[in-house]
Amino acid sequence: MKITVLSGGVGGARFTRGLLALLRDRLPDGRGGTTAEVTVVANTGDDMWLHGVRVCPDLDTLMYTLGGAVHEDQGWGRRDESSRVSADLAAYDVGWEWFTLGDLDLATHLARTQWLHEGLTLSEATERLTRRWDLAAQGVRLLPMSDQPVETHVVVDDPERLIHFEEWWVRHRAALPARRFEQVGLATASAALGVLDALADADVVVLPPSNPVVSVGTVLAVPGVRAALASTSAAVVGVSPIVGGAPVRGMAAECLATIGVDATAEAVARHYGLRGDRTRPADAPGVLDAWLVDTVDADAATALAADGWRAAATGTLMHDVPETARIAAAALALVGR
Ligand code: FO1
């Protein structure tokens with residue numbers, strides 16, 4: 001069975017970890033893994049150059065989470081981390097004092113940067129990094145959405161200026177009203193090798209509960225991705241990142257407000273769009289067949305079902321891996337898998 005997941009950081013990483021637990025149980029390979037093939041296409045819009053190294057927050061959150069090395073409470077970064085280098089950089093007044101690069105995390109960025117300088121693509125550097133974390137043995141292939149650099153920037157006021165998404169997200173906690181998002185480099189970026197095939201050849205494509213604007217939304221905006229989703233023979237199912245009118249974590253509500261979409265489970269589904277919906281503009285075809293919402297949003301499932309969606313409500317809070325495996329099973333069941 002081939003499953004492709006379009007993911008941002010924490011929410012998508014936790015969902016994918018649960019999905020893999022489900023697949024190991026349902027489709028065991030006899031060696032503790034699964035015969036299923038999972039391709040995770042990661043958002044790279046949060047990426048940045050910092051201290052001369054390339055930082056890829058969502059790729060790293062996925063790699064650490066699936067590799068069992070993530071700082072569980074934070075959801076990003078390494079467990080047992082220290083920040084001696086970051087503290088000493090601050091002594092030189094170098095870097096962003098509100099953004100801490102951990103010492104172990106730095107090893108990832110140094111290895112990636114060395115390989116990029118040697119001429120490897122981001123995809124190739126990512127494949128090398130994931131070898132250490134045994135992702136292939138788990139049946140997982142981690143791909144950046146593009147090998148060309150894309151950076152999400154935010155237009156803010158007083159004075160009007162462009163700041164990197166991470167500054168808006170980490171320094172300002174999205175409290176600065178964002179006029180709009182500028183995804184620098186996106187228009188000329190092409191999907192990384194394997195991404196479009198992973199959408200065309202999948203049995204199921206999942207849009208996990210990552211940020212629908214700056215994470216999944218960015219992946220969908222890579223030229224060719226939306227069209228590939230609209231035409232794939234795979235079943236496409238999404239899990240709402242909004243529960244009861246608010247994101248479970250992060251600041252998706254502020255991001256949705258910036259693009260004029262209500263922070264509700266129903267509005268996000270309609271923003272992604274139903275596949276085959278002829279009322280949608282040709283350049284933004286619907287990408288979903290089905291939408292899974294939390295039990296508190298059961299009315300959203302009813303409203304969507306009345307419009308031809310396959311929709312259902314279940315508990316969607318990813319408390320632990322077994323619970324997340326159950327949520328993943330509910331998502332697959334919604335599309336008959
Ligand atoms: N998030 C924070 O809130 N504070 C940090 O200092 C921080 C550092 C950091 C370093 C590397 C990295 O890959 C991620 C980091 N993050 C930090 C998380 C990051 O903002 C998020 O992972 C995503 O960019 C948003 O989903």
Side-chain angles (χ1 to χ4, degrees), residues 6-17 40-67 69-87 89-90 94-113 122 125-126 129-130 133 142 144-145 149-154 163-176 178 181 183-184 208-219 241-242 247-256 258 318:
L6 305 188
S7 181
V10 183
R14 285 182 173 158
F15 178 86
T16 305
R17 184 171 58 182
V40 184
V41 179
N43 165 49
T44 59
D46 298 0
D47 294 6
M48 70 180 94
W49 287 104
L50 195 59
H51 314 311
V53 294
R54 190 68 177 162
V55 178
C56 301
D58 286 350
L59 278 167
D60 294 344
T61 292
L62 283 155
M63 182 168 71
Y64 295 154
T65 301
L66 301 182
V70 75
H71 187 298
E72 197 61 40
D73 295 346
Q74 269 179 183
W76 54 269
R78 294 278 291 276
R79 76 150 73 92
D80 307 330
E81 182 59 283
S82 55
S83 54
R84 297 185 67 202
V85 173
S86 196
L89 283 167
V94 163
W96 289 329
E97 78 282 356
W98 40 269
F99 194 87
T100 308
L101 279 187
D103 300 326
L104 301 179
D105 195 35
L106 263 179
T108 300
H109 309 314
L110 287 167
R112 174 190 292 122
T113 303
L122 181 58
T126 301
L129 288 168
T130 60
W133 303 107
L142 179 58
M145 66 188 196
V150 175
E151 292 195 5
T152 301
H153 285 65
V154 189
I163 60 175
H164 189 282
F165 171 76
E166 287 294 335
E167 178 167 1
W168 183 69
W169 188 262
V170 176
R171 183 179 196 183
H172 301 292
R173 309 308 302 166
L176 284 185
F181 296 112
Q183 307 204 278
V184 179
S210 279
N211 188 308
V213 181
V214 292
S215 297
V216 176
T218 303
V219 179
I242 299 292
V248 178
R249 60 172 285 132
M251 286 80 78
E254 286 82 351
C255 300
L256 287 162
T258 299
M318 303 186 284

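The residues of the chain are indexed from 1 along the displayed sequence. No experiment lies behind these values; they were computed from the predicted model shown. When a ligand or atom number is given, it counts from 1 through the structure's own listing order.
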Self-check item: Protein heavy-atom partner closest to atom 15 (C) of ligand 1 - residue, atom, separation in Å
Solution: W76 CE3, 3.5 Å

Exercise. Heavy-atom contacts with W98 under 4.0 Å: which atoms of ligand 1 show up? List them by number with element.
Key: 6 (O)

Quiz item: What protein heavy atom is closest to atom 6 (O) of ligand 1, reported as residue, atom name and distance in Å?
Solution: T100 N, 2.9 Å

Quiz item: Below 4.5 Å, heavy atoms only, C-beta onward: do I242 and L256 meet side chain to side chain?
Solution: yes

Self-check item: 4.0 Å heavy-atom contact, G9 with ligand 1
Solution: no

Exercise. Please examine the side chains of H172 and E254, heavy atoms only from C-beta on, and report whether any two atoms are closer than 4.5 Å.
Key: no

Quiz item: Between W96 and F99, how do the two ring planes meet: parallel, tilted or perpendicular, split at 30° and 60°?
Solution: perpendicular

Quiz item: For atom 4 (N) of ligand 1, which protein heavy atom lies nearest, and how many Å away is it?
Solution: V170 CG1, 3.3 Å

Self-check item: Contact summary for T108 and M63, nearest pair of heavy atoms
Solution: CG2-CE, 3.7 Å

Quiz prompt | Heavy-atom nearest neighbour in the protein, as seen from atom 3 (O) of ligand 1, with distance rounded to 0.1 Å | solution = R173 NH1, 3.2 Å

Quiz item: What is the nearest protein non-hydrogen atom to atom 9 (C) of ligand 1, stated with its residue, atom name and distance?
Solution: F99 CZ, 3.3 Å

Exercise. Output the list of atoms in ligand 1 that are nearer than 4.0 Å to some heavy atom of D46, sorted by atom number.
Key: 23 (C), 24 (O), 25 (C), 26 (O)

Self-check item: Taking atom 25 (C) of ligand 1 as the reference point, the nearest protein heavy atom with its distance
Solution: W169 NE1, 3.4 Å

Quiz item: Given side chains that start at C-beta, do those of H51 and V85 come closer than 4.5 Å, heavy atoms only?
Solution: no

Self-check item: ring-ring contact (aromatic ring centres under 6.0 Å, His included) involving H164 - partner list, sequence neighbours excluded
Solution: H153

Practice problem: Check each atom of ligand 1 against the heavy atoms of E166 and keep those under 4.0 Å away; list them by number with element. | Solution: 19 (C), 20 (O), 23 (C), 24 (O)

Quiz item: Which of the atoms of ligand 1 are close to L101, meaning less than 4.0 Å from one of its heavy atoms?
Solution: 10 (C), 11 (C)

Self-check item: Close side-chain approach of N211 and N43, heavy atoms under 4.5 Å
Solution: no

Self-check item: V214 to T218 - nearest heavy-atom pair and separation
Solution: O-OG1, 2.8 Å

Quiz item: What residue and heavy atom of the protein are closest to atom 11 (C) of ligand 1, and at what distance?
Solution: D105 OD2, 3.4 Å

Exercise. Tell me which protein heavy atom sits closest to atom 13 (O) of ligand 1, plus the residue, atom name and distance to 0.1 Å.
Key: P57 CA, 3.2 Å

